[in-house]
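Owing to the predicted nature of the structure, the values given are computational and were not obtained by experimental measurement.
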Amino acid sequence: MNLKQLEYVIEISKCGSINKAAQNLYVAQPSLSTAIKQLEQELKFNVFRRKNSGIELTSEGKMLLLSAKLIISEAERIRRIPLLFDSQKNLSICGTWSSLLMCSFMQFRNEFPEASLQDNIKETSIRQAIRDVMDQTYRLSIVSCLDSRRSLYHLEMQKYHIKMTPLAVNVPPVAVVSMNHYLSRFRAVTTAQLKTCPIVAYDTFNSDDWLGAFGLDSSCEILNIFDRGALQDAIRHNYVAFLPMDPDLEQSIPNIVMRRISDGPMSSIYMLHQISYPLNPREKKFIARFQARLDSIYGSRAR
């Protein structure tokens, strides 16, 4: 049994056809059939069941597919290990949605331009950010994590040898509303008040990890959107967003205000990376400047 055979199993199960899988794999159909037959002989069970409409996995084949996907994923991760330790000098960052992070990233690039480097940043969910570091798709991740969920994610990251460094703690939640919204009249609001309002949520904030912590359920009116512009447009149309306190957001969007949620859950901001990965000089410089920015907002004593 080898990796190539496992890749064949995955592709055939996805296509439901050996002919189609052979085309996708750029392998002759007889060669693909022979490889699967040899695998079945070695394993001493049939992986696929042939039928008139195509091909399907047997019960044993379904179990093999689960393991095959894990093995191929781990093999890809192993192949990417050199990327962590070669001459990469750029920024490679993913993170949860944050104007503070994005503005800091853009300001850093303007102040320290490197024409020969391609800096990369991506906004995503906290689960995907962890996955991206696990898979070495991105070398660093900066995420906001609810304090009530920290232990859960910490255990997951320990399992995959990811270091979790706090950059800011006790970050308060805020409601982001338009200046015309009635909540803008208050200095602080409560979760009970928020439940009466239509809510807009950036889709990368998992409901269990964020909105669920505010006690929201299916009875609440929640609009899920997928990009920064749509979130801002919804706020202007009297939807309310719940986010960690982010002063750069308030400054970057005209006619919106942030109001502290007095009884909302606190969160913290963390940097994630593989334990064995040493940050390159450009990453160290960026993190130092980002840390200084966080300290100026949330206070260095909190860490």
Candidate pair Trp97 and Leu231, rule side-chain contact (heavy atoms from CB on, under 4.5 Å), full reasoning: CA-CA 11 Å; Trp97 192 84; Leu231 182 77; 3.4 Å; yes

Glu7 bridged to Lys4 by N-O distance under 4.0 Å: yes

Parallel, tilted or perpendicular: ring planes of Phe108 versus Phe112, cut at 30 and 60 degrees: tilted

Donor-acceptor pair, side chain of Gln5 and main chain of Asn2, under 3.5 angstrom: yes

Residues Asn90, Arg139; criterion side-chain hydrogen bond (donor to acceptor under 3.5 Å, both in side chains); working and verdict: CA-CA 10 Å; Asn90 66 324; Arg139 298 192 298 274; 2.8 Å; yes

Ile121/Met102 under side-chain contact (heavy atoms from CB on, under 4.5 Å): CA gap, chis, key distance, verdict: CA-CA 8 Å; Ile121 189 167; Met102 184 61 71; 4.1 Å; yes

Side-chain donor-acceptor pair present, Thr34, Gln38, cut-off under 3.5 Å: no

Taking every non-hydrogen atom, the tightest pair across Tyr8 and Leu25: CD2-CD1, 3.5 Å

Heavy-atom side-chain proximity of Ile199 to Tyr239 below 4.5 angstrom: no

Distance in Å, Ile162 CD1 paired with Tyr153 OH, rounded so as to fall on 0.5 Å steps: 12.5 Å

Rounded distance [0.5 Å steps], CD in Glu123 versus SG in Cys94: 11.0 Å

Side chain proximity check, Val171 to Ile297, heavy atoms < 4.5 angstrom: no

Cluster check Leu70, Leu65: I/L/V/M/F/W/Y, side chain < 4.5 angstrom: no

Distance (rounded to the nearest 0.5 Å) between Glu283 CD and Ile287 CD1: 7.5 Å

Stepwise side-chain contact (heavy atoms from CB on, under 4.5 Å) test for Phe286 and Asp119: CA-CA 11 Å; Phe286 172 77; Asp119 293 324; over 6 Å; no

Identified side chain to side chain contact (heavy atoms under 4.5 Å, CB included) counterpart of Met271 within the set Leu279, Ile93, Val143: Leu279

Shortest non-hydrogen contact from Val240 toward Leu183: CG2-CD1, 4.2 Å

Salt bridge (Lys or Arg N to Asp or Glu O under 4.0 Å) between Glu11 and Lys14, worked out: CA-CA 5 Å; Glu11 187 62 29; Lys14 184 168 64 175; 3.3 Å; yes

Separation of Leu39 CG from Phe45 CZ (nearest 0.5 Å): 7.0 Å

CA sep, side-chain torsions, deciding dist, call: Cys15, Asn24, side-chain contact (heavy atoms from CB on, under 4.5 Å): CA-CA 9 Å; Cys15 296; Asn24 293 346; 3.3 Å; yes

Gap between atom CG of Leu6 and atom CG of Leu64 - 0.5 Å precision: 6.5 Å

Any donor-acceptor N or O pair under 3.5 Å, side chains Asp132, Gln128: yes

Electrostatic pair Glu114-Lys285, nearest N-O below 4.0 angstrom: no

Nearest-0.5 Å distance, CD of residue Gln107 to CG of residue Asp248: 8.5 Å

Lys/Arg N to Asp/Glu carboxylate O, Asp147 vs Arg150, below 4.0 Å: no

Flag side-chain contact, heavy atom, 4.5 Å: Lys89 against Arg282: no

Whether Phe214 and Phe242 hold their rings parallel, tilted or perpendicular, with breakpoints at 30° and 60°: tilted

Presence of salt bridge, Glu156 and Lys159, under 4.0 angstrom: no

